[in-house]
Structure formats: structure tokens, C-alpha cells
Amino acid sequence: MTAQAAAGPGRGLLLAALVAVLFFATGMLQSWTLALLIVNMALVSSIMALGVNIQWGYAGLFSVGTMGFVALGGLSVVLVSSSPAPGGWAAGGPGILLGLMMGAATIAAAVMAAAKLPKGRIRTLGVAVILIVGFFLFRAVFDPAVQAVEANNPAAHGNLGGLGLPVLMAWPVGGLLAAAVAWAIGKTALGLRSDYLAIATLGIAEIILAVLKNEDWLGRGVKNVISLPRPVPYEVDLQRTQGFVDWATSWGFDPVTASSIVVRLMYTGLFAGVLLALIWLSQAALHSPWGRMMRAIRDNEVSAEAMGKDVTRRHLQVFILGSAVIGIAGAMMTTLDGQLTPGSYSPLRFTFLVWVMVIVGGSGNNWGSVLGGFLIWWLWVMVEPIGNGLMTVLTSGMSDGWLKAHLINSAAHMRLLTMGVILLLVLRFAPKGLLPER
């Protein structure tokens, strides 16, 4: 049997069935509420992995700025669906908007000056003057407006709030916001070599997170934004609905447990619909002439450029598309959480773990990214409690002391050890992933 045949539909179905057994066993042995919660986060993680796979698997772009685009997607939920902060816009909204417009105009003027002025000292001096003057004008307008907004009932608000629109509208907006930032990053960073591109995108992701943490007027910073709107009913509302209570009772379910399961199933339906739509679009793009061109560029940039392909422009396209998908996933995750907590974004969870999903699933294979997303997320959640139980059993016959306590406490690091071991095993025995690119 050839490697391609081994990676065919039969292998994919078998691996998918094995992963499904893990989730089914979680529901049977622990609780279906927990199993569905893991499923929902696995769906979101799969979409993140799909975005990274578009960048790396299609075009070979080694970007580690995933965390920043996830955070931008979360910010979009606040800007679009949260309620406007009372008095926030009146306090300094127009000044903030004017300041941002002045900042954008300054950058545009500097770009135009660099293009129009002759090379040499005159162009350098002209661009520098525009940037310096524009910066001070921007700060003169922007800073007082920000201070006024952040002083507006800071205990409860201190920000502008959002537009109060349905939360589902925030998902495509999250993709558009991430795409816009990706365009700005790509225009400056995509000319770098792969290792420098990775460093640049990691640094930019940290800058994005620093802005979210420190600009309270935008998303309340580290004070977080809670009670964001949901696209599904609240469990307590279902429990107060007599029709739902009668339905749950007729099937022998506790209304409290049934409401949790039904709400999570609603999220599952929404997230699965988005994932399937993105998979369909990604597969269509991958097998189109554009997708074949991207893979040709990935495999040999020099040859592709010699054939007249604009490699930098195509890299920018795929970088924007992948970032947009990640932004959508970030908005979905914040919707599921019901709050924006900038302090929870970390490179370990939102960059390294997503890359592990892509590598384990199979770089260049969209379905492999989905498989990796489900498998790795289940392991990330379940390895620690399994390790804790296993370590408790292994040390049950030991006398109390520092060694027993150390072994039990070390179970908290089982997930990191497991991710490292899995990554090493896959790279050694299946370097192209569980579902290799065909």
C-alpha cells in the first residue's frame, strides 16, 4: 500500500472514529456537559488550526502571531455586541475618533511623501517632519479624549462600549479586523526571511495584547468585559420556561442538567456550521488554480518567481486569509466564554498549542487540522486530571513525605510533558502528520 493510499479516506475515518470515542467516553464516564464543553472548544481550536494551516500548509509562511489575531477577534465581540457605555461617547468619543483619523492621515501622508519626494536627504527629512508633527498633533487630540473616557465611571465602565448589535455579527467583523491588521503586518514583515518573520509576528502579537491590556477606553483593559451577549438562551431562562421543564421531565432529565446540555448543543451546532463552511471554502481554494499556485510557491519560491508569479503579493493574500479565519475563531471563543479577558491570552495556548494541532493533524491537509484540533484539545484538557488520578494510584502505597507530595504535584505538568512527547513521536514516526497532504 502506498503512503497516499494509507492517508486516504479510510484512514481519516478510522482516526476520526477513534477521536470520537474519546469524547463519547468522556460523556459516559464523567458528564455530557463536560464532553460538550470540550467539543465546543475543540471546534473553535480546529478553526484556529485551519487558519494556521492556510498560512503554513498552503504557502509555507511561518507566522507565530496567532495569539494576536485571536485577541483581535475577541475584541470585535466587545466593539460590536456589547452595550454602549453610558456617557462614554459623550465624554471623549469624538476626540478619540478624530485622533485616530489624524494618526491614519499622518501615516498616509508620510507614505505619499516617501513616494513623491526624490531620494536622499530631502525625502528623509520630509518624512521625519511629517511623522513628528503628526505624532504630536495626534497625542494632543487623542490623550485628553482617552483620559475623559477612562474617567467616566471607571469601576463599571471607563470605556466606550460597543454598538449593541447581535453577537453573531461580531464573528465576521472579527475576521475583517484580523485581516486588516494582517494586511498592515504583511506589508512590512512578509519580505523577511522565515525565521525573522516568526520573530516579527510574535512581537507584533505581544504588542496587540499590550494594547488590549493598557488601553482601557477600548476594552476595559485588564478589568475585563463581562456579560457579553450570547447567540443562545441562558440556562436559567430555559429552566424558568414551563414548556422546557415539562419536556425535560417527560424524558427523565433534570431541568438544570438538561438546560446545560441543550445550550451547549446549540453552540455546537453554530460552531460546527462555521467550521464546515470554512472547510468547504478552504478545500475549494486548495484545489483551485490559485491553490495549486500557492503550493508551487511554497515548494520552490525561486522557480515560481522565475515563472512570473508575484510571490510577495501571494504571500500577503494567504497571510490575510489565514489571519481572518483565526480572527473568526477568536470571536467565537469570546462569545462562548461570555467575556473578554486579555490576561488569559498566552503564546502557549494560542500559538504553540495551535501549531501542535497543525503538525500532528497534517500540515497542508485541512481535515488533518480539524483532526489535530479535536485530538490535541481533548488531551490538553483531560491529561492533567487523568495524570492526577494515575499519580494518586501509584503513590497510594507510599508513606507521606516530600517524595509523595512532589509526585502528586507534578501531575499538573503532565499536559506539557504529553504535548512534547506527542510532538516528538509524530515528528519521528509520521513527520507529515496523521493525515498527510495528498
**Item:** Residue pair Val311 / Glu305: nearest heavy atoms and the distance that separates them
**Value:** CG2-CB, 4.0 Å
**Asked** What heavy-atom pair brings Met333 and Val44 nearest, and what distance separates the two atoms?
**Response** CB-CG1, 3.8 Å
**Item:** Asn224 and Thr341: side chain donor to acceptor below 3.5 Å
**Value:** no
**Item:** Among Leu270, Leu265, Thr335, side chain to side chain contact (heavy atoms under 4.5 Å, CB included) partner for Val232
**Value:** Leu270
**Message:** Quick check on the 6.0 Å ring-centre criterion: do Phe23 and Trp377 meet it?
**Reply:** no
**Asked** Centres of the Trp56 and Phe319 rings: under 6.0 Å?
**Response** no
**Item:** Any Glu437 side-chain heavy atom under 4.5 Å of Arg295 side chain
**Value:** yes
**Message:** Ring centroids only, cut at 6.0 angstrom: are Phe350 and Phe69 within range, meaning strictly under it?
**Reply:** no
**Message:** Strictly below 4.0 Å, N to O, side chains only: are Asp143 and Arg139 in salt-bridge contact?
**Reply:** yes
**Item:** Passing option when Ile326 is tested against Ile47, Val70, Leu50 for side chain to side chain contact (heavy atoms under 4.5 Å, CB included)
**Value:** Val70
**Request:** Flag the pair Ile38 / Thr26 as yes when at least one side-chain heavy-atom distance between them is below 4.5 Å, and no otherwise.
**Result:** yes
**Asked** If we ignore angles and hydrogens, is there a donor and acceptor under 3.5 Å between the side chains of Asn366 and Gln283?
**Response** yes
**Asked** Could you walk me through whether Arg349 and Thr66 pass the side chain to side chain donor-acceptor pair (under 3.5 Å) check?
**Response** CA-CA 10 Å; Arg349 164 65 184 92; Thr66 307; over 6 Å; no
